[in-house]
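Residue numbers begin at 1 in each chain, while the letters A, B, ... track the order of the sequences.
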Protein chains: 2
Amino acid sequence: MVEYDERHCMIRDVLDRVGDKWTLHVIFHLADGRKRFMELQRQIPAISQRMLTVTLRGLEEDGLVERTIYPVVPPRVDYELTPMGQTLLDTVRGLMAWTIEHLDDIESARAAYAARENSLKRLAGVD
Amino acid sequence: MVEYDERHCMIRDVLDRVGDKWTLHVIFHLADGRKRFMELQRQIPAISQRMLTVTLRGLEEDGLVERTIYPVVPPRVDYELTPMGQTLLDTVRGLMAWTIEHLDDIESARAAYAARENSLKRLAGVD
DNA sequence: CTGCATCCCTGGAGATACTG
DNA sequence: CAGTATCTCCAGGGATGCAG
């Protein structure tokens, strides 16, 4: 059994990897198989070349993605999920399912919160 | 069924909530029941007063945490997970399980990566 | 005790230009 | 095509002080 606070450090470790801006995008786009750099960039239009590189390096470093370099010209590099990357994908799908299921609830909670805030502000303003 | 790119936006939405520095700490510490502000701050030593407030507000706004104010002096405020917050906790436990299960793999992958990097650097240096 | 406002600083990330 | 280097900008978050 692992200690309480230690567990939190660990989950932060993974969140630092998975919770950044682009990692999940890349992982989801690698879900349907090996792709090369340009393909990924085309399929994630908002990502910059730099951030795609950085993100892929991070995933490679953690053993979640494997990088294959073909010694050809022009250069060609393929990326694909490792088995461990696959298991992460499966796990994250749980989070995705939760998201889809509760998106409306969250939205209405936010609306309700904003409404409450506004009525409080109005009271203060009249005062 | 939801569209592909739309799904990614949604999961980013939740990750923006869940993936920040403190949210999961707070959620996990609220797992064992309703607590007041000071209790949480004591149990998460590294968090600042400001960030605890900010984090709790965010969770409240999304309907994941409920805030109860007692009109007493000195002030007393309790926080507890809503039912939706509970379901999120359950889901995140999956991610935590994955983390625990693969922590060693990740660590050795990082070590292997660093080793490869170093040998490359050495080659370049000798060159 | 709880919470807000202010200042400040660092790291994440975009834009751009250059290399093999 | 794939990757690196540099500059820059801004939001996240820490420290501190004040208020109800």
Original post:
Does the distance from a Lys or Arg side-chain N to an Asp or Glu carboxylate O, for D62(A) and R110(B), drop under 4.0 Å?
Top reply: yes
Original post:
Of F37(B) and A46(A), whose nearest nucleotide on DNA chain C comes first from the 5' end?
Top reply: F37(B)
Original post:
Would you say the side-chain atoms of T91(A) pair up with the backbone N or O of T87(A), donor to acceptor, closer than 3.5 Å?
Top reply: yes
Original post:
Where along residues 58-70 of chain B does a heavy atom come under 4.0 Å from DNA chain D, residue by residue in number order?
Top reply: none
Original post:
Quick one: on DNA chain D, does R57(A) or P75(B) contact a more 5' nucleotide (nearest heavy atom)?
Top reply: R57(A)
Original post:
Is the closest side-chain heavy-atom distance between L81(A) and V65(A) below 4.5 Å?
Top reply: yes
**OP:** Identify the residue among R34(B), Q86(B), R67(B) that makes a side-chain hydrogen bond (donor to acceptor under 3.5 Å, both in side chains) with E80(B).
**Re:** R34(B)
Subject >> Rounded distance (Å) that lies between atom P of dC1(C) and atom CG of D78(B) >> reply: 14 Å
Provide a list of protein-nucleic acid N or O atom pairs under 3.5 angstrom, restricted to nucleotides 9-13 of chain C.
| residue | atom | partner | partner atom | Å |
| --- | --- | --- | --- | --- |
| dA13(C) | N7 | R50(A) | NH2 | 3.0 |

Subject >> Connected via hydrophobic side-chain network under 4.5 Å: V77(A) and I44(A) >> reply: yes
Original post:
Using the ring of each side chain (for Trp, its six-membered ring), is W22(B) parallel, tilted or perpendicular to H25(B), with breaks at 30° and 60°?
Top reply: tilted
Original post:
Considering only heavy atoms from C-beta outward, does the side chain of R93(A) approach that of L89(A) to under 4.5 Å?
Top reply: yes
Original post:
Are M51(B) and K21(B) side-chain neighbours, meaning at least one heavy-atom pair lies under 4.5 Å?
Top reply: no
Subject >> Separation of atom CD in Q49(A) from atom P in dT19(C), rounded to whole Å >> reply: 15 Å
Subject >> Nucleotides bounding contact with chain B, strand DNA chain D, heavy-atom threshold 4.0 Å >> reply: dG13(D) to dG20(D)
Subject >> Any Y79(B) side-chain N or O less than 4.0 Å from OP1/OP2 of dC1(C) >> reply: no
Original post:
Is it true that atom CD of E39(B) has more than 12 heavy atoms of other residues, nucleotides or ligands lying nearer than 6.0 Å?
Top reply: yes
Original post:
Roughly how many Å is it from CZ in R36(B) to P in dG3(C), rounded to a whole number?
Top reply: 10 Å
**OP:** Flag the pair L59(B) / L30(B) as yes when at least one side-chain heavy-atom distance between them is below 4.5 Å, and no otherwise.
**Re:** no
**OP:** Could you check how far CG of L40(B) sits from C1' of dT2(C), rounded to whole Å?
**Re:** 12 Å
Original post:
Going by heavy atoms in the side chains, are V92(B) and F28(B) under 4.5 Å from each other?
Top reply: yes
